[in-house]
S.K.: 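Mind having a look at this structure? Questions to follow.
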Amino acid sequence: TEWNVSVWGKRRAFTEHIEKLAELVSEKTGGEFTMNISYGGLSNNRENLDGISIGAFEMAQFCAGYHRDKNRVVTVLELPFLGVENLEQEVAVSTAVYNHPAATEEMAQWNAKLLMTSPMPQYNLVGTGDPRDTLAKMEGMRVRATGGLGKAFEAVGAVPTSVTATEAYQAMESGVVDTVAFAQHAHLSFGTINQADWWTANLNPGTVNCPVVVNIDAYESLSDAEREALDSSIPEALDHYLANYGELLKKWDSVLEEKGVQKVEIDPAVIDEFRAKAADPAREAWIADMEAQGLPGQELYDLVVKTLAEAKGS
Amino acid sequence: MAGSAAVLEDSSLLSRLDRTLIPLERLFALVSGLAVFSLMFLAAYSVSGRKFFNAPLSGYVDYIEAAMPLIAFMGVSYVQREGGHIRMDILIASLKGRALWLFELISVLLILVLILALIWGSWAHFDRSFDMSKPLWSRDSSIDIGLPIWPSKLLVPVAFSVLALRLMLQAWGYGRAFLKGLENPVAVPLILSVAEQARIEAEQLEGSE
Amino acid sequence: MDEITIGLWVTGGMLAMVVLGMRVAFAAAMAGFVGLVWLRWNGFDYAPDRFYKALEISVKVAGQVPHSKVSAQALSLIPTFILIGYLAYYAKLTSALFEAAKRWIAWVPGGLAVSTVFATAGFAAVSGASVATAAVFARIAIPEMLKIGYNKQFAAGVVAAGGTLASLIPPSAILVIYAIIVEQDVGKLLLAGFIPGAFSALIYAGLIISIALIFKNVGPPVSGFTWRERFAALPPALPIVAVVVIIIFFVYNPFGDAWGTPTEGGAVGAFIVFLMALYRGMRWKQLKEALIETAKLTVMIFTIIWGVLIYVRFLGFADLPGAFSDWITSLTVSPMLILVCILLAYAVLGMFMDAIGMLLLTLPVVYPAVMALNGGEAVSAADSTFGMSGPMCAIWFGILVVKMAEFCLITPPIGLNCFVVAGVRDDLSVQDVFKGVTPFFIADGLTIALLVAFPAIVLWLPSLA
Ligand code: NA
Ligand code: NA
């Protein structure tokens, strides 16, 4: 069996679990089951779910925030200020939501099965000029932040400004935006860190959720041995991803130092204030919106809270 | 390279159908043009909002992306009617009479098959983003302000359907010319020599100087 | 049959359809679509009942491409650039430019011809399309040159050659198309076009001056304009300066932060020319005409874009570009020689094909090969073959290829600019224009050679941004 896998961009920390999965699966089946990973050749990144639904390729990665209406359920994981502190916790909450029947059922409409997440750290801000470390200073701030995160900044008077990730560097340089919210690897690969004067170390406003999915028919037509090889490789692939991202995070501090970027610690009181203004209304609006559509919004949110508490306890 | 070409007219049913379709095609082309025009204002509004009022237009990129299909597809049939889609006509321009009409007929029929397939495919693309049971009937939305995408996806099969009608008329026109061995058939773009074509292009600019 | 073989057959089939006169956009889309079906069906071991499944998947994959690829923010530059050009006619910028150029520089040997070159270069800064530039200047500049005794063929050649400058000097639709196909920074590419464009104009001017000094039949210098007259000619041409400044400053501001994105710059430039055209008497009737003409040209270009991208989607599944790159890099010939051969191949292809069609059809395969030749997309200048980083190589190759495409506008047998000039002037045959334009082959050859030998001419400006 040979699978086509559609991802985008270049090979980076964000795609390491897929590369590892391909390697493990091929190893375990003695080369019987291989994966062809294509970086952008098979689909646009915002149409990977369509490609899975059509059967154009068998596996793909996408981000929920690219198209909220395609994947309403998993957007619960993109709500602001969920309180996720590290990638392990991100994996735990994602897995819990992916296993919820509402998520499974919504993805089944796309003929897709959720395989694993691509855990992303919190999207902290880089910015130019004086650090925006109080809500008053965020008033009128032009921020590149999409989806739920953009809404959160809007709630405290900032102006979310839409530019694509690849244009973010130029948007910052040209003053189209003052600040950009990305995960660390993206600040590095899109160059926004080179423009920055400061980085918020602990704002932790939220992140995006990017699942890896497989086409259900393709998954079911695997031989038992192949399916077993695939399923059993997922934890290993995720471990590899976490270890690899861990290395990147270790380097992060030295990168900041080298580029002369100030590490801004925001006062917890300010964060609490931000959370109260942004997170609570956003969550309530999200839950109401989902419930109105017959989706178990409250239940999903409670599941995230409960799983997170367990993950933090363990 | 073939730019615009001449389309002859007479009182036959084919030619009347040809002329019936033109107003629709021209209207669609004007919509394309107006969409380009609106991009200009959108940018002027967005830039001045950001520079002078600290109020950038939220969803600027989303609006542009929604306008692009309007620009790119609406005029597709008008351009086909005028013979404006570029091609290499060195070889075909040396043909005459039945041989020429046969080549043109085959070419148009192939395009028709392609476009019918693309109507199917682009309709399916629209259909995946459309769900009557969802708010705003939307099952696919833009990245920043969550605009439903189905209206702009729907434009593709609509524009292609008009193109399919145009291609059927042209197939009829070429087929008729082939069967009857016509010299100057109606309702199909006739190949001009590069020189004649350049003259037409130059005349288009006449009024403006 | 393996994927590469299918890829080659499909590509061959596409070229056959193009040569047989099928519209380029649809030939490419057809090839891509058939290729997708073939790949799938092949995978299904030729079982006929699976043919329908292969067809269905391919139809849906191909049917996604037009909407999905066309809805890109960066592509919105193409219609805006085209609109600027049409509005510029109504703003009467062409005659203003020619008048200003004449008063300021016609005193040099071959003066009116040199003025024409600089006026076309100036108009290039508001026009995205070469053919239109040639048509307009054939009407304004040729009569003035003939009046003072220029050789008829030479005067026509100057206009045909000067017209080509529009594709290099931004705004340029063709540079945007290149940037989109190869997924590189549009702003930097546009910025990179300025100096080579101005450089081409200077080489044209140098050539004309040399010819004027050696042969006496090209026409006398025109002098005697007072400074007052010179300055009086400037204001009507000012909007051009405004547009140039805006486009540059939106991409790269030497004094501080750039003003915005290239997309915004193009649209704001169009807005300024629009206001100017309104002031100069454009009304709804002319505007409607400009909009329909813009739509026609835009739709024509976009149709090729999505058509070719269906073929490119097929290539993605067949991985033909990968195979071609591997082959190119495995050759033992010097990489520079390979690059020169590629450019020569464009010169030959361009004799028979339209520039946009030619670039779109070839770049998906040729561009990855050139990048591989240089050492890959992410290579650093130090480790590379041509002594420049991956992104810089992309810019350099883009400018070279666009210059080749310009060159093709004046080469026989289908040099479109020459046909247009002959079409405007009843007293000139196409042969006359081709004869008159011949000296400019030398100029273009020299320009291309210098751009290849000294990449800094191309890369200096974008490396600042
Ligand atoms: Na130009
Ligand atoms: Na040519």
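The sequence lines fix the lettering, A, B, ..., with proteins before strands; numbering per chain opens at 1.
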S.K.: Sort out for me which of B/S32, B/A124, B/G75 touches chain C most, counting heavy-atom pairs under 4.5 Å.
M.R.: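 Of the candidates given, the most pairs with chain C belong to B/G75.
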
S.K.: For chain B, find which of C/M17, C/Q64, C/M30, C/K60 contributes the most heavy-atom pairs closer than 4.5 angstrom.
M.R.: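 Most heavy-atom pairs under 4.5 Å with chain B: C/Q64.
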
S.K.: Can you tell me if NZ on C/K288 sees more than 12 non-hydrogen neighbours from other groups inside 6.0 Å?
M.R.: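 Open: at most 12 neighbouring heavy atoms sit under 6.0 Å from NZ of C/K288.
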
S.K.: Looking at every heavy atom in both B/G33 and C/A295, which two are closest together, and how far apart are they?
M.R.: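 Looks like N-CB, 3.7 Å.
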
S.K.: Considering only heavy atoms, which portion of C/T303 lies under 4.5 Å from any heavy atom of chain B: side chain, backbone, both, or neither?
M.R.: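 Contact with chain B: side chain only.
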
S.K.: Report which part of C/I301 has an atom under 4.5 Å of a heavy atom belonging to chain B: side chain, backbone, both, or neither.
M.R.: neither

S.K.: Going from CG on B/L34 to CG on C/L287, what distance comes out if it is rounded to the nearest 0.5 angstrom?
M.R.: 8.0 Å

S.K.: Name the one of C/L291, C/L83, C/T80 that satisfies side-chain contact (heavy atoms from CB on, under 4.5 Å) with B/V36?
M.R.: C/L83

S.K.: For chain B, find which of C/V34, C/V18, C/V24, C/V70 contributes the most heavy-atom pairs closer than 4.5 angstrom.
M.R.: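 Of the options given, most contacts go to C/V70.
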
S.K.: Within the 4.5 Å heavy-atom criterion, are C/H67 and B/S122 side-chain neighbours or not?
M.R.: no

S.K.: Could you tell me which portion of B/A72 (side chain, backbone, both or neither) has an atom closer than 4.5 angstrom to a non-hydrogen atom of chain C?
M.R.: both

S.K.: Do the rings of B/F37 and C/F274 sit parallel, tilted or perpendicular, given the 30° and 60° boundaries?
M.R.: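 Ring orientation, 0 to 90° scale: perpendicular.
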
S.K.: With a 4.5 Å limit on heavy-atom distance, are the side chains of B/I71 and C/T298 in contact?
M.R.: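 Answer yes - side chains close enough.
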
S.K.: First locate atom CD1 of B/I111, then atom CZ of C/R23, and finally report the distance between them rounded to the nearest 0.5 Å.
M.R.: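 Interatomic distance, B/I111 CD1 to C/R23 CZ, rounded to 0.5 Å: 7.0 Å.
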
S.K.: Which is it for B/Y78 and C/V299 under the side-chain contact (heavy atoms from CB on, under 4.5 Å) test, yes or no, and what are the steps along the way?
M.R.: CA-CA 9 Å; B/Y78 186 61; C/V299 166; over 6 Å; no

S.K.: So, using side chain to side chain donor-acceptor pair (under 3.5 Å) as the criterion, who are the partners of C/Q286 when residues are at least two apart?
M.R.: none

S.K.: Under 30°, 30 to 60°, or over 60°: which ring-plane class applies to C/F271 and B/F41, parallel, tilted or perpendicular?
M.R.: perpendicular

S.K.: Enter the distance from C/F33:CZ to B/L118:CG here, rounded to the nearest 0.5 Å.
M.R.: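 Interatomic distance, C/F33 CZ to B/L118 CG, rounded to 0.5 Å: 7.5 Å.
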
S.K.: Taking every heavy-atom pair that is under 4.5 Å apart, which of B/A117, B/A67, B/A66, B/A29 has the most such pairs with chain C?
M.R.: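 Of the options given, most contacts go to B/A117.
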
S.K.: Quick one: what part of C/A72 sits under 4.5 Å from any heavy atom of chain B, side chain, backbone, both or neither?
M.R.: backbone

S.K.: Let me confirm one number: the CE-CD1 distance from B/M40 to C/I84, rounded to the nearest 0.5 Å.
M.R.: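 Reported value, rounded in 0.5 Å steps: 9.5 Å.
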
S.K.: Would you mind checking which part of C/I305 comes under 4.5 Å of any heavy atom in chain B, side chain (CB onward), backbone (N, CA, C, O), both or neither?
M.R.: neither

S.K.: Checking heavy atoms, do the side chain of B/L163, its backbone, both or neither come under 4.5 Å from chain C?
M.R.: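 Looking at B/L163, just its side chain touches chain C.
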
S.K.: Would you call B/I106 and C/L20 a side-chain contact if the rule is heavy atoms closer than 4.5 Å?
M.R.: no

S.K.: Measuring from B/D62:CG to C/S71:OG, what's the distance to the nearest 0.5 Å?
M.R.: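 Going from CG on B/D62 over to OG on C/S71, the span is 11.0 Å.
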
S.K.: Below 4.0 angstrom, N of the basic side chain to O of the carboxylate: do B/R26 and C/E289 qualify?
M.R.: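 Salt bridge between B/R26 and C/E289, a charged N being under 4.0 Å from a carboxylate O: yes.
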
S.K.: Tell me which of these, B/W123, B/F126, B/F103, B/F28, has more heavy-atom pairs under 4.5 Å with chain C than the rest.
M.R.: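 Ranked by heavy-atom pairs under 4.5 Å with chain C, first place is B/F103.
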
S.K.: Of all of B/I115, B/I92, B/V79, which one pairs up most often with chain C through heavy atoms under 4.5 Å apart?
M.R.: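 Heavy-atom pairs under 4.5 Å are most numerous for B/V79.
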
S.K.: For chain C, which of B/I64, B/L114, B/L95, B/L42 has the most heavy-atom pairs under 4.5 Å?
M.R.: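 Answer, by heavy-atom pair count under 4.5 Å with chain C: B/L114.
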
